[in-house]
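Scroll down for the structure; my scribbles are underneath it.
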Amino acid sequence: MTLRVYNTLNGGKEPFEPLVPGKVGMYVCGVTVYDYCHIGHARANIVFDIIYRYLQYSGYEVTYVRNYTDVDDKIINRANERGISSQQLSEEFIQAFDEDMARLGLQLPTVQPKATEHIPHIIALVEKLIANGKAYESEGDVYFAVESFDDYLKLSKRNLEEMQAGARIAPGEKKRNPMDFALWKAAKPGEPSWESPWGQGRPGWHIECSAMGMEYLGESFDIHGGGKDLIFPHHENEIAQSEAATGKPFVKYWLHNGFVNVNQEKMSKSLGNFFTIRDILQSYDPEIVRFFILSAHYRSPIDFSDQNLKEARLGLTRFYEGLQSAAEVLAECPDGAEADGQATDGDELEAKFREAMDDDFNTALAIGHLFEGVRTMNRLMATKKFRKKADLVASVRALYQSFFKLGGVLGMFGSQPHQWLEQQRMAALADLEITVEQIDAQIAARLQARQDKDFARSDEIRDELAEQGILLLDSAAGTGWKIK
RNA sequence: GGCCCCGUCGCCAAGUGGUAAGGCAGAGGCCUGCAAAGCCUUUAUCCCCAGUUCGAAUCUGGGCGGGGCCUCCA
């Protein structure tokens, strides 16, 4: 089974065959840095993070480029409101973005270029388009002539006549066709600008991604990703300006992630129903957020809600509790004492995981397989005289190791189970009106009562703690506790 | 108005022609002094109607419901 991916360009899944065998060039549209990132940005970046990780796991040498858009109308406006320079503003939010992504546990892309550092490339590309007759200068602006590019709208599958009939496009008097889009914008007073053959100005929104993509990945590359909302106009325009300039196919596979909804509605800045990553991380561990996002297929819409995040926490807790049990048991069974070559459970799990991921990065199915792996592991450990059965211990060890290996591909299980559970427990305890010392004292009192066979008192203590949100866990090793 | 997507168990969510993964919640059982955790068992014929097919949640047509893009947006 080989990797198949859903390509927006062709509207279906197809085998993934990179332009250069063994190597992958991947470009993902980053953020416009004028505000804090919301959960939608988290989804897009986490999705492409696991695509990046899975391609590497599959043996590809991946060059992953993710840009910062650091020159734009919104940046200029926001900077003016705050009375600081565009550069100051964008630097502030680049740093905030980097912090958010680091907290979410994302791998760093190979390159993270900024639009403002590629002005010469952008200008060269615009010049080429003018020379090719695909673009024209008009009062210091430069526009791409959409009618000059026959394949225009092939990605979003529309047609020009219908779009113009939509009549929601104000005909710019500087444009020949209202659908033409800006490659270069003449500077207005007070705006950041660069010298160009058309006077002082700045790049349009779309051209930077074409310029940077080609700069780092070549005129044609394998994967270009982003949110569904970028299909039109952003990616459509990227294709037009890139292919019109080079005469070559720009990107082989276009991948787009679905939206994050709130109450079944798209979350967006204009609706004001968005949650920032920072807000969410105050209440939920980053790995819970990641687990929540990966529990649905990346192209499906996903509904953001407190209840769904709590479910994600429960699911992830099940993994970590199973892993902790395994860690404890395995620590007592000397490594390698069990028979070699008998443990196929880990390999089977990995095969299923790969099969799921090979099918257009089906993380939801892959996680389902991992859940089954946990159950298998728990079942083995619950077997009588488990520790003396070398083949079973070997299976658990194999599964345990597979979890960290496969979890790594999803960016999960990066913590020691014990530490993660303890951290969750302490965070939850902070909301309760009881301290660890009080709990320990109650457990000690109950232990005494139990030794005295005073089960009425023992149960009374347990009920009292339960009312305060504490659940006791008796085991052969003693009594532990967790938050209800 | 044009284009597009979705509708699977109480909830979340896989599954694109071969007889419905998984998680949460629920029920019964094992275990336990009693519990909890864990394990075992158990819970759906896939919005409605018609059609194609030996066979459809999966394909076609119609209907109902929800959403997206067409303007900045992950």
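Proteins get letters first, then strands, A, B, ... in listed order; numbering begins at 1 in each.
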### Query
Does a side chain donor of either A:Asp306 or A:Tyr284 reach within less than 3.5 Å of an acceptor in the other side chain?
yes
### Task
Please tell me which of the listed nucleotides, B:A14, B:A37, B:A74, lies nearest to the side chain of A:Asn257?
B:A74
### Message
I'd like the P distance from B:A56 over to B:A25, given in whole Å.
### Response
36 Å
### Summary
Picking from B:A21, B:C34, B:G23, the nucleotide nearest the side-chain atoms of A:Leu365 would be B:A21
### Task
Look at all strands and tell whether A:Arg313 reaches a base, only sugar-phosphate, or nothing, counting heavy atoms closer than 4.0 Å.
nothing
### Query
Counting side-chain heavy atoms from C-beta on, which of B:G23, B:A36, B:G68 comes nearest to A:Leu473?
B:A36
### Message
Taking the ring of A:His256 and the ring of A:His235, is the distance between their centroids below 6.0 Å?
### Response
yes
### Task
Could you check whether A:Ser295 gets within reach of a base, just the sugar-phosphate, or nothing at all, counting any heavy atom under 4.0 Å?
sugar-phosphate
### Nucleotide nearest A:His38 (side chain, heavy atoms from C-beta), chosen from B:A74, B:C72, B:G38
B:A74
### First of A:Ile302 and A:Lys157 reached from the 5' end of RNA chain B, by closest nucleotide
A:Lys157
### Query
How far, in whole Å, is B:G18 from B:C59 if one measures between their C1' atoms?
14 Å
### Query
What nucleic acid atoms does A:Gly40 come within less than 4.0 Å of, heavy atoms only: base, sugar-phosphate, or nothing?
base
### Task
Could you state the atom-to-atom distance from NE2 of A:His206 to C1' of B:C72 in whole Å?
10 Å
### Query
Between B:C11 and B:C54, how far is it from one C1' atom to the other, in whole Å?
38 Å
### Task
Provide the distance between the two C1' atoms, one in B:A14 and one in B:U58, to the nearest whole Å.
13 Å
### Message
Pairing donors with acceptors under 3.5 angstrom, does anything connect the side chains of A:Asn237 and A:Gln241?
### Response
no
### Message
Under 4.0 Å, heavy atoms only, any strand: does A:Leu472 hit a base, just the sugar-phosphate, or nothing?
### Response
base
### Query
On the ring face of A:Phe371, is A:Arg318 found with NZ or CZ under 6.0 Å from the centre and within 45° of the axis?
no
### Message
By the 4.0 Å heavy-atom rule, please label A:Asn308 as base, sugar-phosphate, or nothing.
### Response
sugar-phosphate
### Message
Would you measure the distance from the C1' atom in B:G63 across to the matching atom in B:G23 and give it in whole Å?
### Response
34 Å
### Message
Tell me whether the side-chain N or O atoms of A:Asp229 pair up with the base of B:G68 as donor and acceptor below 3.5 Å, since no angle test is needed here.
### Response
no
### Message
Can you confirm whether more than 12 heavy atoms, excluding those of A:Lys352, are under 6.0 Å from its NZ atom?
### Response
no
### Task
Using the six-membered ring wherever Trp is involved, compare the ring planes of A:Phe97 and A:Tyr68 and label them parallel, tilted or perpendicular (cut-offs 30° and 60°).
perpendicular
### Query
Which nucleotide, in any strand shown, forms a Watson-Crick or G-U wobble pair with B:G38, with both distances under 3.5 Å?
B:C30
### Query
Which value, in whole Å, describes the distance between the P atoms of nucleotides B:G38 and B:A74?
40 Å
### Message
Check for me whether A:Arg462 meets the cation-pi criterion with A:Trp481, that is, NZ or CZ under 6.0 Å from the six-membered ring centre and within 45 degrees of the ring axis.
### Response
no
### Task
Please report, rounded to the nearest Å, how far the P atom of B:G33 is from the CZ atom of A:Arg450.
8 Å
#### Entry: Given B:A14, B:C11, B:A35, the nucleotide with the shortest approach to the side chain of A:Ala296
B:A14
### Query
A:Arg158 has a side chain; which of B:G33, B:C69, B:A74 sits nearest to it?
B:C69
### Query
When A:Cys29 is tested against each of A:Arg66, A:Glu208, A:His206, A:Glu238 for side-chain contact (heavy atoms from CB on, under 4.5 Å), which residue passes?
A:Glu238
### Task
Taking atom C1' in both B:G22 and B:A44, compute the distance separating them and give it to the nearest angstrom.
15 Å
### Task
Searching all strands shown, indicate the nucleotide that pairs with B:U71 (Watson-Crick or G-U wobble; both distances under 3.5 Å).
none
### Message
Against the six-membered ring of A:Tyr6, is A:Lys13 placed for a cation-pi contact (under 6.0 Å from the centre, within 45° of the normal)?
### Response
no
### Query
Which part of the nucleic acid does A:Val260 contact within heavy-atom distance under 4.0 Å: base, sugar-phosphate only, or nothing?
base
### Message
Categorize A:Asn362 for me: base, sugar-phosphate, or nothing, with a 4.0 angstrom heavy-atom threshold over every strand shown.
### Response
sugar-phosphate
### Message
Output the rounded distance in Å from NE2 (A:His234) to P (B:G68).
### Response
22 Å
### Query
B:A74, B:G22, B:C70: which one has an atom nearest the side-chain heavy atoms of A:Arg375?
B:G22
### Query
Is it true that atom CD of A:Gln451 has more than 12 heavy atoms of other residues, nucleotides or ligands lying nearer than 6.0 Å?
yes
### Task
Just compare B:G15, B:C69, B:A74 and give me whichever is closest to any side-chain atom of A:Thr32.
B:A74
### Query
In whole angstroms, how far is the P atom of B:C31 from the NZ atom of A:Lys384?
8 Å
### Query
For A:Gln419, does the CD atom sit with more than 12 other heavy atoms under 6.0 Å from it, leaving out its own atoms?
no
### Query
So does A:Asn378 get a side-chain nitrogen or oxygen closer than 4.0 Å to the phosphate oxygens (OP1/OP2) of B:C39?
yes
### Query
Does A:Arg66 have a side-chain nitrogen or oxygen under 4.0 Å from the phosphate oxygens OP1 or OP2 of B:A74?
no
### Query
P atom, B:A35 versus B:C30: distance in rounded Å?
10 Å
### Message
Could you tell me how far apart A:Glu321 (CD) and B:C24 (C1') are, to the nearest whole angstrom?
### Response
14 Å
### Message
Measuring to OP1 and OP2 of B:C39, would you say a side-chain N or O of A:Arg318 lies under 4.0 angstrom away?
### Response
yes
### Query
Does A:Arg379 make a side-chain N or O approach to OP1 or OP2 of B:C40 shorter than 4.0 Å?
yes
### Task
Write down the distance between CG (A:Asp463) and P (B:G33), rounded to a whole number of angstrom.
18 Å
### Message
I want to check one thing: is the phosphate of B:A14, taken as OP1 and OP2, less than 4.0 Å away from some side-chain N or O of A:Ser300?
### Response
yes
## Note on the structure
Against the side chain of A:Lys266, the closest entry in B:A14, B:G68, B:C34 is B:G68
### Task
Measure from the ring centre of A:Phe455 to the centre of the six-membered ring in the base of B:G33, then say whether that distance is under 5.5 Å and the planes meet at under 30°.
yes
### Task
Take the protein atom CD of A:Glu238 and the nucleotide atom P of B:A74, then report the distance between them rounded to whole Å.
13 Å
### Query
Is B:G55 paired to anything, Watson-Crick or G-U wobble with both distances less than 3.5 Å, and if yes, which nucleotide?
none
### Query
To the nearest angstrom, how far is A:Met267 atom CE from B:G67 atom P?
17 Å
### Summary
Applying the 3.5 Å cut-off to both distances, the Watson-Crick or G-U partner of B:A44 turns out to be none
### Task
Mind running a 4.0 Å heavy-atom check of residues 404-422 of chain A against RNA chain B and sending the residues that fall below it, in number order?
none
### Query
Touch check for A:Gly258, heavy atoms < 4.0 angstrom, all strands: base, sugar-phosphate only, or nothing?
base
### Query
Quick one: the side chain of A:Glu372 and the base of B:G22, do they pair up donor-acceptor inside 3.5 Å?
no
### Task
Kindly say if A:Asn261 contacts the phosphate of B:G67, meaning a side-chain N or O under 4.0 Å from OP1 or OP2.
no
#### Entry: Pair A:Thr344, A:Asp347: side-chain N/O donor-acceptor within cut-off below 3.5 Å
no
### Summary
Ranking B:U16, B:A14, B:C69 by distance to the side chain of A:Phe232, first place goes to B:C69
